[in-house]
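The structure displayed is predicted, hence computed values, not measured ones.
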Amino acid sequence: MLKYYGLDPKYINLNNGSYGTPPKPVLRAAEELTAKIEANPDYFIRIEYLPLLADVRHRLATFVGAKTEEVVLVTNASVGLNTILRNLEWEEGDLILSLSTTYESVSRTIQYLTDLSPHLTSRVLNLNFPTTHSEIIEAFRKFLHDNPVKPNKKRVAVIDS
């Protein structure tokens with residue numbers, strides 16, 4: 001895979017999520033787009049940006065089987081989850097479920113939301129490793145069963161990896 005990345009061949013990158021590098025074709029496309037934006041930023045933002053964004057959202061929606069209006073682009077997964085969780089209308093009796101492996105910034109958002117009024121509740125499923133996929137699924141099913149909500153209350157599960 002080294003031919004697709006600009007990484008030092010002596011460096012073994014095990015974290016391509018948080019601090020990863022984009023593949024060379026993606027990097028080249030980003031550089032070309034940046035040059036286009038910087039050549040005439042007013043024109044790009046006022047005229048070209050929204051049609052390009054609409055096209056990308058439409059293509060992504062088609063790819064994932066969603067409606068275009070359901071696709072929103074965010075800078076990273078943490079921003080996306082923060083946007084969703086902070087924009088739900090929480091009520092007392094609502095519940096957020098997460099895992100002990102949930103990304104820390106997302107766990108902090110969940111904690112913040114439980115500190116606000118109305119006080120929703122959060123529960124964390126502790127995953128002990130080593131484990132198997134089937135053990136995780138079995139534990140999660142039990143976790144759901146053990147954490148019901150009253151009728152008309154939200155139960156939101158944050159599942160990340």
Under the side-chain hydrogen bond (donor to acceptor under 3.5 Å, both in side chains) test, residues paired with D146 that sit two or more places apart: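 D146: side-chain hydrogen bond (donor to acceptor under 3.5 Å, both in side chains) contacts with K142.
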Sequence-distant partners of S117, side-chain hydrogen bond (donor to acceptor under 3.5 Å, both in side chains), two or more places apart: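 Listed in chain order: nothing, the list is empty.
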Is there a donor-acceptor pair under 3.5 Å between the side chain of [X] and the backbone N or O of [Y]?
X    : Y    : result
R155 : K150 : no
D94  : K154 : yes
D160 : Y103 : yes

According to salt bridge (charged side-chain N to carboxylate O under 4.0 Å, His left out), does anything in [range] pair up with another residue at least two apart or in another chain? List the pairs.
range            : value
residues 52-65   : D55-R59
residues 3-14    : none
residues 130-139 : none
residues 108-117 : E104-R108

Could you check whether any side-chain heavy atom of [X] comes within less than 4.5 Å of a side-chain heavy atom of [Y], counting everything from C-beta outward?
X   : Y   : result
I96 : W90 : yes
L33 : F44 : yes
L73 : L60 : yes

Check which hydrophobic residues are tied to [X] through side-chain heavy-atom contacts below 4.5 Å, counting indirect links as well, and list them.
X   : result
L95 : L97, L99, L125, L127, F129, I136, F140, F143, L144, V149, I159
V74 : V72, V79
Y43 : I47

Pairs involving [range], ordered by first then second residue, that meet side-chain hydrogen bond (donor to acceptor under 3.5 Å, both in side chains) (sequence neighbours left out):
range          : answer
residues 62-73 : H58-T68
residues 22-34 : none
residues 71-85 : S78-S105, N82-R86, N82-T109

Minimum heavy-atom distance between K153 and E92, given as atom pair plus value: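 K153 and E92 have their closest heavy atoms at NZ-O, 3.0 Å.
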Heavy-atom pair with the smallest gap, counting every atom of E91 and P118: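 Of all heavy-atom pairs spanning E91 and P118, the closest is CA-CG, 3.8 Å.
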Please round to the nearest 0.5 Å and tell me the distance separating atom [atom1] of [X] and atom [atom2] of [Y].
X    : Y    : atom1 : atom2 : value
N87  : L85  : CG    : CG    : 9.5 Å
I37  : I45  : CD1   : CD1   : 6.0 Å
T121 : I110 : OG1   : CD1   : 12.5 Å

Side chain to side chain contact (heavy atoms under 4.5 Å, CB included), paired with S98, selected from V156, V124, V106: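 Exactly one candidate clears the test, V124.
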Hydrophobic cluster membership, with links at side-chain heavy-atom distances under 4.5 Å among I/L/V/M/F/W/Y: are [X] and [Y] in one?
X    : Y    : answer
L2   : L27  : no
L88  : L116 : yes
Y112 : I84  : no
Y11  : Y5   : yes

